[in-house]
Amino acid sequence: MFSDRLLQHLKNARSVAVLTGAGVSAESGVPTFRGEDGLWKKFKPEELASIDAFMANPDLVWEWYSERSRIIREKAPNSGHAALAEMESFFPEFTLITQNVDGFHRRAGSRNVLELHGNILFSRCVRCGVKSDKVESGMDRKDPLCACGGRMRPDVVWFGEPLPQDVLKKAFAASEICDVFLSIGTSAFVHPAATLPVVAKQAGAYVAEINSERTVLSDDLDETILGKSGEMLPRLVAELRNLIDRT
Ligand code: OAD
């Protein structure tokens with residue numbers, strides 16, 4: 001199932017970095033972006049996930065985000081999230097970098113989480129920048145306003161926008177120093193997130209991918225494990241637990 005090389009690298013690792021994408025939440029019932037049933041097959045990102053779209057039609061954008069956050073509130077983290085939360089305790093340094101905006105990693109118990117694309121359960125004022133966790137206001141009223149009079153927007157990164165710089169800096173730093181890097185459930189199409197496994201590899205880390213299909217990065221990484229993260233990650237954690245117990 002898992003190569004000896006991967007297990008030995010993990011056993012000896014001091015620092016591990018993990019990048020997750022929508023595939024990790026697929027088994028929780030949250031749709032991915034690309035692929036057969038992907039969100040971007042049904043909706044146009046430029047009409048929903050850009051500041052221009054929001055300013056032109058905030059009601060429509062809020063409706064879409066409110067619906068997605070409603071789905072996320074109703075769903076729960078899966079066995080893959082739980083396995084990653086447990087994995088954190090095996091290593092002196094463990095950084096979980098996620099492109100997901102669902103907050104499932106924290107809900108599953110992961111502590112050192114870097115949310116590259118924000119969090120859909122929060123909103124932020126376009127004028128004064130204040131954040132709020134009351135996304136429900138976006139459901140009650142389609143175009144919610146901040147106390148300062150500015151528009152509240154979902155606290156997620158949209159196309160054409162920069163990622164939060166402090167978070168991105170930490171993600172690059174973790175990728176550069178880690179001994180093992182795992183890229184899980186991401187198509188690796190969206191940058192700069194997709195650059196992180198490459199940065200880790202160039203810096204000398206052992207880089208493995210866990211995904212239900214091969215990706216654009218597969219040829220450049222040390223190994224690809226094909227399978228569902230909700231099945232593969234608990235198995236990997238069980239093998240690691242055994243290895244660590246035996247030493
Ligand atoms: P994608 O939808 O592009 O890719 C999800 C990947 O997960 C695909 O390669 C699937 O084959 C794989 N997959 C599906 N189910 C899986 C499972 N159960 N176990 C393992 N792998 C599985 O999602 P991301 O790569 O996360 O950006 O997309 C990156 C960004 O594009 C998102 O963060 C979002 C989107 O536009 C923003 O919102 C800024």
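Whatever order the structure lists them in is the order used to number ligands and atoms, beginning at 1. Keep in mind that what you see is a predicted model, and the values were worked out from it rather than measured.
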Undergrad: Would you say CZ of Arg111 has more than 12 non-hydrogen atoms from neighbouring residues, nucleotides or ligands within 6.0 angstrom?
TA: no
Undergrad: Could I get the full list of ring pair (Phe, Tyr, Trp, His ring centres under 6.0 Å) partners for His117, not counting sequence neighbours?
TA: none
Undergrad: Output every pair passing salt bridge (Lys or Arg N to Asp or Glu O under 4.0 Å) with a member in residues 97-109, not counting sequence neighbours, ordered by first then second residue.
TA: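 As it turns out, the salt bridge (Lys or Arg N to Asp or Glu O under 4.0 Å) pairs with a partner in residues 97-109, which skip direct neighbours, are Arg106-Glu115.
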Undergrad: Just jot down the ring pair (Phe, Tyr, Trp, His ring centres under 6.0 Å) partners of Phe189, sequence neighbours excluded, or say none.
TA: none
Undergrad: Indicate yes or no for a side-chain donor-acceptor contact from Glu161 to the backbone of Trp158 under 3.5 Å, with no hydrogens or angles considered.
TA: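 At least one qualifying donor-acceptor pair exists.
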Undergrad: Near ligand 1, which residues have a heavy atom under 4.0 Å away from one of its atoms?
TA: Gly21, Ala22, Gly23, Ala26, Glu27, Thr32, Phe33, Arg34, Trp40, Gln99, His117, Val157, Phe159, Gly185, Thr186, Ser187, Val190, Asn211, Ser212, Glu213, Gly227, Lys228, Ser229
Undergrad: Any side-chain donor paired with an acceptor under 3.5 Å for Ser183 and Glu209?
TA: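 On atom types as modelled, these side chains do not qualify, holding no pair under 3.5 Å.
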